Q: 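Before I ask anything, let me first share the structure, which is written out below as structure tokens.
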Amino acid sequence: MVEDMATDGPHRAKNPEVAGVLLAAGGGRRLGGRPKALLAHRGRPLIEHAVRSLRNGGCGPLHVVLGAAAEEVRARADLTGCSVSVNPGWEEGMGSSLRLGLAALTATDADAALVLLVDQPGIGAEAVARVRLAYSSRMSLAAASYGGERSHPVLFGADRWPDIAAAAVGDQGARSYLREHRDAITLVECSDVAEAYDIDTSQDLKHLE
């Protein structure tokens, strides 16, 4: 038993379990009420692109938080291999979805959560993998940056989850927590492999293929 524990310790240190958390609950209010998860991108629902980015970027387990049109999303999108939570208070904003996603991971062995938003199709597996590699401990705090500007994806070490959840209110998500702890954030430049635009308005739909 002692030998097993000794072997497992260094293994976990070298191979942390970084869970992927996809926030996909938004109702697309500025898109005429079209749920962002179901927007068409490369012939499939946008949510599948985000799941693939997390998986191919090395994250696991994968947890998806749905909200608007949750049952339709389940029916139309392939979420194989993902655990799914439905946020009944999705209209309260991103904060409630982040809290739900982190809460779902507390029963797992995840050392960190890497959070991605469903409406950023310009962020693929390369950026996810870079931010994932910024993990150093369960107190890690890292984020992709684009030309020096912090954006997504964001990595939260597991020991930070309770405080992040407590600060996640309204539509702010983790923004207030990240502002207060900006000196602890490892910024990972990703502008050469990704673009952090959002699909918020009808004008943004030009980014979808």
Side-chain angles (χ1 to χ4, degrees), residues 12 15-28 35-38 45-120 123 125 127-129 131-132 134-135 137-144 152-178 181:
R12 286 299 297 277
N15 298 288
E17 188 172 276
V18 178
V21 176
L22 177 60
L23 303 185
K36 293 182 178 182
L38 290 175
L46 187 56
I47 191 171
E48 291 183 10
H49 174 80
V51 166
R52 189 164 53 250
S53 295
L54 288 172
R55 181 177 289 121
N56 293 348
C59 293
L62 302 183
H63 192 86
V64 177
V65 181
L66 301 178
E71 291 310 310
E72 186 180 358
V73 175
R74 283 181 185 269
R76 291 177 51 189
D78 181 1
L79 301 179
T80 302
C82 301
S83 58
V84 177
S85 293
V86 177
N87 178 10
W90 63 269
E91 290 180 285
E92 298 172 14
M94 190 191 308
S96 59
S97 291
L98 178 58
R99 292 197 305 272
L100 194 62
L102 294 179
L105 296 180
T106 57
T108 73
D109 293 327
D111 298 296
L114 188 144
V115 179
L116 185 64
L117 308 182
V118 76
D119 67 344
Q120 294 187 316
I123 298 176
V128 169
V131 175
R132 181 185 176 279
Y135 175 90
S137 77
R138 290 170 66 92
M139 283 296 288
S140 289
L141 196 58
H152 287 86
V154 182
L155 181 142
F156 302 124
D159 289 350
R160 293 186 180 272
W161 295 350
D163 289 341
I164 292 169
V169 295
D171 204 33
Q172 289 293 303
R175 268 177 273 176
S176 62
Y177 183 90
L178 291 170
H181 297 83

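It should be emphasised that the depicted structure is a prediction, and the values quoted were computed from it without experimental measurement.
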Q: For the pair R138 (side chain) and D159 (backbone), establish whether a donor and an acceptor sit closer than 3.5 Å, ignoring hydrogens and angles.
A: no
Q: Against L62, only a single residue in L22, V21, L54, V84 fulfils side chain to side chain contact (heavy atoms under 4.5 Å, CB included); can you say which?
A: L54
Q: Do L178 and L141 pass the side-chain contact (heavy atoms from CB on, under 4.5 Å) test, and can you show the C-alpha distance, the side-chain angles, and the key distance before you say yes or no?
A: CA-CA 9 Å; L178 291 170; L141 196 58; 4.0 Å; yes
Q: I need the minimum non-hydrogen distance between V73 and A68, along with the two atoms involved.
A: CG2-O, 4.2 Å
Q: State whether the side chain of R76 and the backbone N or O of P45 hold a donor-acceptor pair below 3.5 Å, judged by distance alone.
A: no
Q: Got a donor-acceptor contact below 3.5 angstrom from the R55 side chain to the G60 backbone?
A: no
Q: When rounded to the nearest 0.5 angstrom, what is the spacing between NZ in K36 and CD1 in I47?
A: 13.0 Å
Q: Taking all heavy atoms of V118 and all of A37, pick out the closest pair and write down the distance.
A: CG2-CA, 4.1 Å
Q: Should P61 and E17 count as side-chain neighbours, where that means a heavy-atom distance under 4.5 Å?
A: yes
Q: Determine, stepwise, if the pair V64 / S85 fulfils side-chain contact (heavy atoms from CB on, under 4.5 Å).
A: CA-CA 6 Å; V64 177; S85 293; over 6 Å; no
Q: For a side chain to side chain contact (heavy atoms under 4.5 Å, CB included) with S97, tell me which candidate from V115, L102, L23 qualifies.
A: L23
Q: Please find the pair of heavy atoms, one from I164 and one from A174, that lie closest to each other, and give the distance.
A: CG2-CB, 4.2 Å
Q: If you measure from NE2 on H181 to CG on D163, what distance do you get to the nearest 0.5 Å?
A: 6.5 Å
Q: Run V154 and V131 through side-chain contact (heavy atoms from CB on, under 4.5 Å) and show every step you take.
A: CA-CA 7 Å; V154 182; V131 175; over 6 Å; no
Q: Donor-acceptor pair, distance only, cut-off 3.5 Å: does the side chain of E92 make one with the backbone of G170?
A: no
Q: Can a donor-acceptor pair be found, under 3.5 Å and without considering hydrogens, that links the side chain of W90 to the backbone of L66?
A: no
Q: Just how far is it from atom CZ of R175 to atom CG of L98, taken to the nearest 0.5 Å?
A: 11.5 Å
Q: With rounding to the nearest 0.5 Å, note down the distance linking CZ in R132 to CG in L155.
A: 9.5 Å
Q: Between H49 and I123, which heavy-atom pair has the shortest distance, and what is it?
A: NE2-O, 4.1 Å
Q: For L117 and H152, which heavy atoms make the closest approach, and how far apart are they?
A: CD1-CE1, 3.5 Å
Q: How many angstroms lie between CG in L105 and CH2 in W161, if you round to the nearest 0.5 Å?
A: 4.5 Å
Q: Return the minimal non-hydrogen interatomic distance between C59 and A19, and the atom names on each side.
A: CB-C, 4.2 Å
